[in-house]
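Each chain gets a letter, A, B and so on, in the order its sequence line appears, and its residues count up from 1. Computed over heavy atoms, backbone and side chain alike; hydrogens, waters and symmetry mates excluded. This one's a predicted model, so the numbers in the text were calculated from it and none came from an experiment.
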2 protein chains.
Amino acid sequence: MSRFVTLKDVAERAGTTIGTVSYVLNDRKGRYISQELRAKVLAAAEELNYIKCNGASSLKGMDRRLIGILIPQYENQFFTRICVAAEEVFASHGYDLIICDTFDNPEREKGIIHRLLSQRVDGLIVTPSLKGSENTRIVRDVGLNMVVVDRPLEGFDGYYWVTADNYGCGYAGGMDLYRHGHRSLIYIGWASGISELESRERGFRDACSGCEVFTYNAGFSAKSGYETTMRAVKEHPEATAVFFGFNVQAQGGVNVFRDLGLRIGEDISVSLIGSPEWSYTGNNDFTHVHMGDYEIGKKAAGILFDLIRGKEVPSKRVIQECTLIGGTSVKNIGGIE
Amino acid sequence: MSRFVTLKDVAERAGTTIGTVSYVLNDRKGRYISQELRAKVLAAAEELNYIKCNGASSLKGMDRRLIGILIPQYENQFFTRICVAAEEVFASHGYDLIICDTFDNPEREKGIIHRLLSQRVDGLIVTPSLKGSENTRIVRDVGLNMVVVDRPLEGFDGYYWVTADNYGCGYAGGMDLYRHGHRSLIYIGWASGISELESRERGFRDACSGCEVFTYNAGFSAKSGYETTMRAVKEHPEATAVFFGFNVQAQGGVNVFRDLGLRIGEDISVSLIGSPEWSYTGNNDFTHVHMGDYEIGKKAAGILFDLIRGKEVPSKRVIQECTLIGGTSVKNIGGIE
DNA sequence: ACGGTATATGCAAACGTTTGCATACAGGAG
DNA sequence: CTCCTGTATGCAAACGTTTGCATATACCGT
């Protein structure tokens, strides 16, 4: 079907051999090449539109220039922002990203990892699927560089891991509500079974010690967030604030207030962990705890890149700091400030 | 760094030669292999965890098992759904997807295409960046299969192209508002300079002939959608309905009504083109024109797959039908039904 | 006994690269 | 006049596959 120009074609055109062409095009040192010949080679490559074949050069031990990324949910902006950050790090060095959605299905994840190994990717950035950590064993076995993001790799240790400060996020959110005088709170969370993620609730409760906290667990979707929030608010009308531990659930959950005719920041206070870009508005913003998704992606990609280049990477574990962003969705009802 | 098992390793273990191993593992016909030897090879491959190297086999003319996808905006769900659909088509055949965000920047796009050609992808699904059509010339020159999605490839013809029915989407949305009795309307659109996309407005206007239509153009973001809508609503309080030509703009724009205290479906009617999954709610849904994003992705990927397999693809141009999904955001103010 | 065919396996070339080694001709020092 | 060093280039092996060709044995019909 498609016909690509090879080194041989370029060599013929320039009246030399493929070896010389390779040296010129890769700008290798340790070999003398006359200005005249170099120019002829460059011109020939340009005229013929030569495009190097990564697959062939990787056979000789060169980088494949491919990075694999595994995320559990394509439509979750937390993960897409990580991908965007990784892309920025790698694209400038000529690497392409293969981004795969495991849909949190370990079987699927297993197949994906196998395919990526088949592609001989140079490295992997992985958010393990629920119950799927074991799938990454083969990655370690073949000695491929890998950086884990967000969730931990259960049953392994000594791996590189970049996460949000989950406990800190919960704590910051809880403390903010406490400071604004709220003492009766609803916490909407996700019973993922991953203790690292569930530590958001621990942080939240630690910050609001002495308060009434009604915890509800929703599924990992806007729809479930809506339904659960509806139930929670109806069962606990005394609560003055609702806190969402997960962005996706908040996205659905906030519509409950609209449907019930409750004014956010007035009749009910609301805040959440994550970045509510789904709610852009001129002057009526949600208080939220920013997890630093972009920075997480940047750091994970940076570590992976260093590993690929053979650089020493000192710390195995990186915890991204979080930031509380105050908005107008939390009302001060007699708190400290 | 990483060490992979090769055919040679498997052959040694099974006490045979690499040629035979290749035949067994690929299940090729046209060659006799005893059950005994076949079993031994299979066992050896299993024990050693052999993983084929796509790069090497593609040198011999096999498929690279890589597909490139170019989209202009990673965070736009219209495009991510297309990617998800394409993934479903290709993953089952062992292909990986390299999804690249051009950010609508032609320079960037040029680099991306060059990188993908370097990877020797088997085919390309492309939404050309604004003003970037010329970048795809090289794809045609090397004879690589390509399917264009959404926007046209300006200055080319004879290419495969799958789009939404942009005119029809606008028409359906306009007709729905007209039927509900609305005669004074705001249309929020995007002056992209791409006539195919701007035909949404033509369709809208054609459906509402005889009505007053106030057109405002916003940038391609939620923020710009918010600001433009705010201006439009303030300048034309007499309008009974607002129609958004683009999902992203609607996502920001609808918050205007909340901020102004206008009840959607009561004080103001609202509908849009796209899928407002950002607004999940139990019983208060937006009327919208569904473009069939998923189907577009499915069809584009299907065509590309057929092309790769050398199948004849009859029609160069596919237009996806749209569907009007009635919600509760449009009030009947004395229309026909 | 002989040719033919079905079964079973090995050998080696080729794909497009990279790179170590060999070759060749200068000019300068001894 | 030789030897060395610097400059300039070609040759061929290797990477991990795929596949056409060659080889070898067994069994059958004549």
Side-chain angles (χ1 to χ4, degrees), chain A residues 1-41 44-45 48-65 94 117-122 142, chain B residues 1-42 44-45 48-66 94 117-122 142:
Chain A
M1 185 83 235
S2 56
R3 161 77 187 144
F4 280 88
V5 174
T6 70
L7 281 187
K8 197 173 153 198
D9 299 323
V10 177
E12 267 168 26
R13 174 110 175 190
T16 180
T17 57
I18 54 171
T20 306
V21 175
S22 174
Y23 269 96
V24 172
L25 295 183
N26 291 312
D27 210 22
R28 285 272 181 290
K29 39 201 63 177
R31 176 183 261 250
Y32 301 102
I33 289 161
S34 66
Q35 283 310 311
E36 191 194 8
L37 183 55
R38 153 172 265 106
K40 248 201 291 188
V41 168
L48 295 175
N49 246 315
Y50 170 76
I51 297 178
K52 140 146 63 166
C53 173
N54 277 346
S57 64
S58 82
L59 271 187
K60 296 292 301 180
M62 308 280 98
D63 267 5
R64 191 65 203 47
R65 308 239 156 217
L117 291 177
S118 243
Q119 302 287 9
R120 296 291 192 271
V121 292
D122 301 308
V142 301
Chain B
M1 182 85 237
S2 55
R3 160 77 186 145
F4 280 88
V5 174
T6 70
L7 281 187
K8 196 172 154 199
D9 299 324
V10 177
E12 265 167 27
R13 173 109 175 191
T16 179
T17 56
I18 54 171
T20 305
V21 174
S22 173
Y23 269 97
V24 171
L25 294 183
N26 291 310
D27 209 23
R28 286 271 180 292
K29 38 202 62 177
R31 177 183 261 247
Y32 301 101
I33 288 161
S34 66
Q35 284 309 312
E36 193 193 7
L37 184 57
R38 153 170 266 107
K40 246 198 295 189
V41 169
L42 255 21
L48 295 175
N49 247 317
Y50 170 76
I51 296 178
K52 140 149 60 170
C53 172
N54 278 346
S57 65
S58 81
L59 271 188
K60 297 290 301 180
M62 308 281 97
D63 268 5
R64 192 63 260 291
R65 307 237 157 223
L66 271 179
L117 291 176
S118 242
Q119 301 289 7
R120 295 293 191 273
V121 292
D122 300 307
V142 301

Open item on the list: Against the six-membered ring of Tyr23(A), is Arg28(A) placed for a cation-pi contact (under 6.0 Å from the centre, within 45° of the normal)?
Closed with: no
Task: Separation of Gln119(B) CD from Asn54(A) CG (nearest 0.5 Å) - done: 4.5 Å
Task: First of Ile33(B) and Gly19(A) reached from the 5' end of DNA chain C, by closest nucleotide - done: Ile33(B)
- [ ] Measure the spacing between CE of Met62(B) and CG of Leu59(B) and express it to the nearest 0.5 Å.
- [x] 11.0 Å
Task: Along DNA chain C, first and last positions that approach a heavy atom of chain A under 4.0 Å - done: dG16(C) to dC21(C)
Open item on the list: With heavy-atom distances below 4.5 Å as the criterion, would you say the side chains of Ser22(A) and Leu7(A) are in contact?
Closed with: yes
TODO: Pull out every residue in residues 48-58 of chain A that has a heavy atom closer than 4.0 Å to any atom of DNA chain D, ordered by number, or say none.
DONE: none
Open item on the list: Can you give me the bend angle of the helix from dA1(C)-dT30(D) to dG30(C)-dC1(D)? Use the axis through the first five pairs and the one through the last five, nearest 10 degrees.
Closed with: 70°
TODO: Using the closest heavy atom to pick a nucleotide of DNA chain D for each, name whichever of Ser34(A) or Ile18(A) lands nearer the 5' end.
DONE: Ser34(A)
- [ ] List in numerical order all residues of residues 22-31 of chain A for which some heavy atom is under 4.0 Å away from an atom belonging to DNA chain C.
- [x] Ser22(A), Tyr23(A), Asn26(A), Arg28(A), Arg31(A)
TODO: Output the distance between atom CZ (Phe4(A)) and atom CG (Leu48(A)), rounded to the nearest 0.5 Å.
DONE: 14.0 Å
Task: By side chain to side chain donor-acceptor pair (under 3.5 Å) - contacts of Thr17(A) (at least two apart) - done: Thr20(A)
TODO: To the nearest 0.5 Å, tell me how far Asp122(A) CG sits from Arg64(A) CZ.
DONE: 8.0 Å
Open item on the list: Between Tyr32(A) and dA8(D), is there a contact of a side-chain N or O with OP1 or OP2 at under 4.0 Å?
Closed with: no
TODO: Could you check if a side-chain atom of Lys40(B) sits within less than 4.5 angstrom of a side-chain atom of Arg13(B), using non-hydrogen atoms only?
DONE: no
Task: Sub-4.5 Å side-chain heavy-atom contact between Val142(A) and Arg3(B) - done: no
Open item on the list: Please compare Lys60(B) and Met62(A) by the position of their nearest nucleotide in DNA chain C and report the one closer to 5'.
Closed with: Lys60(B)
TODO: Assess whether side-chain contact (heavy atoms from CB on, under 4.5 Å) is satisfied between Thr6(A) and Glu12(A), documenting all intermediate values.
DONE: CA-CA 10 Å; Thr6(A) 70; Glu12(A) 267 168 26; over 6 Å; no
TODO: Could you tell me which residues satisfy side-chain contact (heavy atoms from CB on, under 4.5 Å) with Ile51(A), sequence neighbours excluded, listed by chain and number?
DONE: His114(B), Leu117(B), Ser118(B), Arg120(B), Ile138(B)
- [ ] For the residue pair Asp9(B) and Tyr50(B), establish whether any side-chain heavy-atom pair is separated by less than 4.5 Å.
- [x] no
Task: Heavy-atom side-chain contact between Leu25(B) and Leu42(B) under 4.5 Å - done: yes
